[in-house]
Amino acid sequence: MDNLSDALEKLKLASTDSITDSVESCLDCLLKALVNNNTEASAKIQEMGILPMLPTMLTPQSTCTPKVANIIAEMAKNEFMRSACVEAGLIPPLIQLLNSTDQEVLLQTGRALGNICYDSHEGRIAVDLAGGAQIVAEHIKTLSQNTEVANEKLLTVFCGMLTNYSNDNDSLQGQLISMGVIPTLVKLLGVHSHNTALTEMCLIAFGNLAELESSKEQFASTNIAEELVCLFQKQTEHEKKEMIFEVLAPLAENDVIKLQLVEAGLVECLLEVVAQTIDGEREEEVAQLKTASDLMVLLLLGDESMQKLFEGGKGSVFQRVLSWIPSHNHQLQLAGALAIANFARNDGNCIHMVDTGIVQKLLELLDRHVVEGNVTVQHAALSALRNLAIPVVNKSKMLSAGVADVVLKFLQSEMPPVQFKLLGTLRMLIDTQVEAADQLGANTKLVERLVEWCEAKDHAGVMGESNRLLSALIRHSKSKVRHQEVVKMVIQGDGVKHLVTMATSEHIIMQNEALVALGLIAALDLVAAEKHFVAADLVAVLHKLLSDERSAPEIKYNSMILICAVMGSEPLHKEVQTRAFINVVSKLRSHENKTVSHQASLTEQRLTAQS
């Protein structure tokens with residue numbers, strides 16, 4: 001440290017006298033001190049007031065310039081020095097040095113700017129104001145084809161500088177994207193795939209930029225998919241594969257890139273990783289299995305990429321994914337079920353899969369998890385069953401296979417994601433299926449649970465699905481005896497108030513489902529429902545729906561049907577009269593929708609006759 005102090009004092013004198021040899025030796029001493037103890041030496045340099053002297057020493061003509069830039073680069077490794085470097089005015093002269101043709105000057109300048117920008121808002125803003133990123137981007141573009149070792153080292157530093165400059169900053173990332181940095185970096189990856197350091201820096205830069213939505217379109221216009229898959233195939237080390245995975249995941253969120261990755265052979269790579277790590281117990285093997293299978297599921301979220309891999313249900317990839325479901329590995333079970341849910345995104349696929357016995361595999365998986373209780377697997381398997389149940393021709397087949405019975409085993413689940421999916425699955429199954437609706441509507445435990453979940457205000461999805469299933473049980477029951485039983489269960493279970501609330505939903509389809517169900521309740525057991533209708537302010541809700549000009553025609557129509565249905569109740573009848581419904585209804589006689597206007601005439605007659 002004494003030598004450093006002497007060197008710093010000499011540097012003050014030498015720089016004023018411009019004695020080059022003396023300056024050189026002082027700078028060598030500073031560099032040596034920084035190598036030995038960077039933090040302490042940096043603090044000493046700052047304390048001695050050397051920083052403000054450095055801008056004048058950063059001149060293109062001086063032989064000392066590379067060493068001065070190197071010193072700044074070393075000091076800026078310390079967080080506390082970055083703002084100090086900006087305040088000392090080092091950024092503008094460093095940016096000027098980017099116009100140099102000397103490779104060592106460019107290298108050290110790139111290091112200095114990159115380190116100053118690292119996790120430093122002040123550093124980034126200063127570089128931005130001085131236009132440094134644009135110059136560096138142009139350098140990378142110009143030098144990208146040169147595979148000389150020294151040039152590749154310089155490219156690595158410049159890529160690192162741009163990464164540090166834009167990391168976690170959407171605005172600066174957007175700036176780089178608009179400069180066209182992405183196509184340049186993709187070309188760089190192709191030309192220099194043999195250079196590990198440069199390749200890794202490109203991957204870090206990609207990971208940095210790929211998070212931004214605006215980057216996806218630019219990535220899609222390059223051959224990034226081929227380059228990344230090619231690079232992945234060469235890797236043997238876990239860390240390198242992970243780096244590529246970290247770029248692939250955000251890129252694969254884009255449907256165009258999904259298809260490009262599938263066509264470039266990524267799926268085969270992922271299946272190989274799964275095969276190699278399926279029985280692995282080491283942490284890195286478990287991590288690779290998860291990443292590979294998760295990415296596989298992500299690729300199936302794109303319609304085109306999914307259909308390409310489905311291949312009419314005969315694709316080898318589809319068959320491999322099926323084999324994951326009975327696996328002993330929870331991660332593969334999860335990925336397999338999610339993959340089936342993704343394949344089940346059109347009717348043709350769903351019909352084919354149900355006909356080829358996939359439902360049984362999912363039911364066996366769910367049965368295993370009634371006891372094992374892995375929530376993510378439960379959720380994924382239920383998601384797959386729900387999607388498979390959408391085509392009408394599948395419903396009766398799935399009911400015959402015992403899907404409803406297995407799904408009902410999860411009624412006791414306290415996990416909202418599982419509750420949400422089991423409700424959706426049951427609702428899809430009973431749609432148009434009279435016997436199933438009758439059977440489920442008579443299930444006391446189910447109705448009780450539905451009423452309970454209708455109050456799950458912390459989980460809007462569960463609450464909405466519970467209301468819709470409650471309504472569906474009433475709407476789809478057709479046998480008169482069963483229908484009355486279902487309605488009786490809903491009334492006794494205090495479900496009426498939830499259906500009235502559902503009629504005020506912001507979603508027209510839910511409003512309509514509620515109104516139809518309430519109409520059926522009123523028609524089948526008005527006496528039992530009367531007090532529940534009064535307590536839930538049904539008449540006020542109907543008045544609001546009819547008065548609101550924004551209400552859809554079907555909402556107005558079913559509201560009037562319901563008004564007529566409750567007129568047989570004395571307290572409800574009185575309330576209808578009190579609210580002057582006849583004025584609202586008479587206006588609807590001129591409604592543009594003929595069904596609404598016709599029902600308005602009928603309703604007006606009913607109201608007049610019973611006034």
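Index from 1, following the sequence. Remember, predicted model here, so these are calculated numbers, not experimental data.
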Under 3.5 Å, sequence neighbours excluded: what are the donor-acceptor pairs made by side chains of residues 174-182?
| unit_1 | atom_1 | unit_2 | atom_2 | d |
| --- | --- | --- | --- | --- |
| Gln175 | OE1 | Tyr165 | OH | 2.7 |
| Gln175 | NE2 | Asp128 | OD1 | 2.9 |
| Ser178 | OG | Gly174 | O | 3.3 |
| Ser178 | OG | Gln175 | O | 2.8 |

Would you tell me whether Thr376 and Asn374 have side-chain atoms, one donor and one acceptor, within less than 3.5 Å of each other?
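Yes.
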State, without any angle test, whether Gln331 and Ser293 hold a side-chain donor-acceptor pair at a distance under 3.5 Å.
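The criterion, which ignores hydrogens and geometry beyond distance, is satisfied for Ser293 and Gln331.
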Are the side chains of Met502 and Gln511 in contact, using a 4.5 Å heavy-atom criterion?
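Not touching, per the 4.5 Å side-chain cut-off.
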Is there a side-chain contact between Ile563 and Phe581 in this structure, where contact means two heavy atoms from C-beta onward sitting under 4.5 Å apart?
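They are in side-chain contact.
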Only one of Asp548, Val584, Leu515 passes side-chain contact (heavy atoms from CB on, under 4.5 Å) with Ser559; say which it is.
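For Ser559, the side-chain contact (heavy atoms from CB on, under 4.5 Å) test succeeds with only one of Asp548, Val584, Leu515, which is Leu515.
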Could you pull out all donor-acceptor pairs under 3.5 Å where a side-chain atom in residues 517-533 meets a protein atom, sequence neighbours excluded?
| unit_1 | atom_1 | unit_2 | atom_2 | d |
| --- | --- | --- | --- | --- |
| Asp525 | OD1 | Ala528 | N | 3.3 |
| Glu530 | OE2 | Ser569 | OG | 2.6 |

Residues two or more places apart in sequence or in another chain: which of them pass side-chain hydrogen bond (donor to acceptor under 3.5 Å, both in side chains) with [X]?
X      : value
Glu554 : none
Gln412 : none
Ser471 : Arg475
Asp255 : Lys258

Thr603: which of Arg606, Gln599, Gln605 passes side-chain hydrogen bond (donor to acceptor under 3.5 Å, both in side chains)
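The side-chain hydrogen bond (donor to acceptor under 3.5 Å, both in side chains) with Thr603 is passed solely by Gln599 among Arg606, Gln599, Gln605.
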Using the ring-ring contact (aromatic ring centres under 6.0 Å, His included) criterion, which residues pair with Phe318? Sequence neighbours excluded.
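Phe318 satisfies ring-ring contact (aromatic ring centres under 6.0 Å, His included) with Phe310, Phe343 only.
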What pairs with His330 under ring-ring contact (aromatic ring centres under 6.0 Å, His included), at least two apart in sequence or on another chain?
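With sequence neighbours excluded, His330 shows a ring-ring contact (aromatic ring centres under 6.0 Å, His included) to His369, given in chain and number order.
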Table please: side-chain donor-acceptor pairs of residues 426-437 below 3.5 Å, with sequence neighbours left out.
| unit_1 | atom_1 | unit_2 | atom_2 | d |
| --- | --- | --- | --- | --- |
| Arg427 | NE | Glu465 | OE1 | 2.8 |
| Arg427 | NH2 | Glu465 | OE2 | 3.2 |
| Asp431 | OD1 | His476 | NE2 | 3.3 |

Return all side-chain donor-acceptor pairs below 3.5 angstrom for residues 356-364, not counting sequence neighbours, or 'none' if the list is empty.
| unit_1 | atom_1 | unit_2 | atom_2 | d |
| --- | --- | --- | --- | --- |
| Thr356 | OG1 | His352 | O | 2.9 |
| Thr356 | OG1 | Met353 | O | 3.1 |

Quick test of your reading of the model: are Glu304 and Lys308 salt-bridged, counting only N-O distances below 4.0 Å?
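Here Glu304 does not pair with Lys308 in a salt bridge, since their nearest N and O are not under 4.0 Å apart.
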Residues forming a salt bridge (charged side-chain N to carboxylate O under 4.0 Å, His left out) with Lys397, sequence neighbours excluded
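Lys397: salt bridge (charged side-chain N to carboxylate O under 4.0 Å, His left out) contacts with Asp355.
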Show me the side-chain donor-acceptor pairs of residues 487-498 shorter than 3.5 Å, one per line, residues at least two apart or across chains.
| unit_1 | atom_1 | unit_2 | atom_2 | d |
| --- | --- | --- | --- | --- |
| Asp494 | OD2 | Lys497 | NZ | 3.2 |
| His498 | NE2 | Glu455 | OE2 | 3.4 |

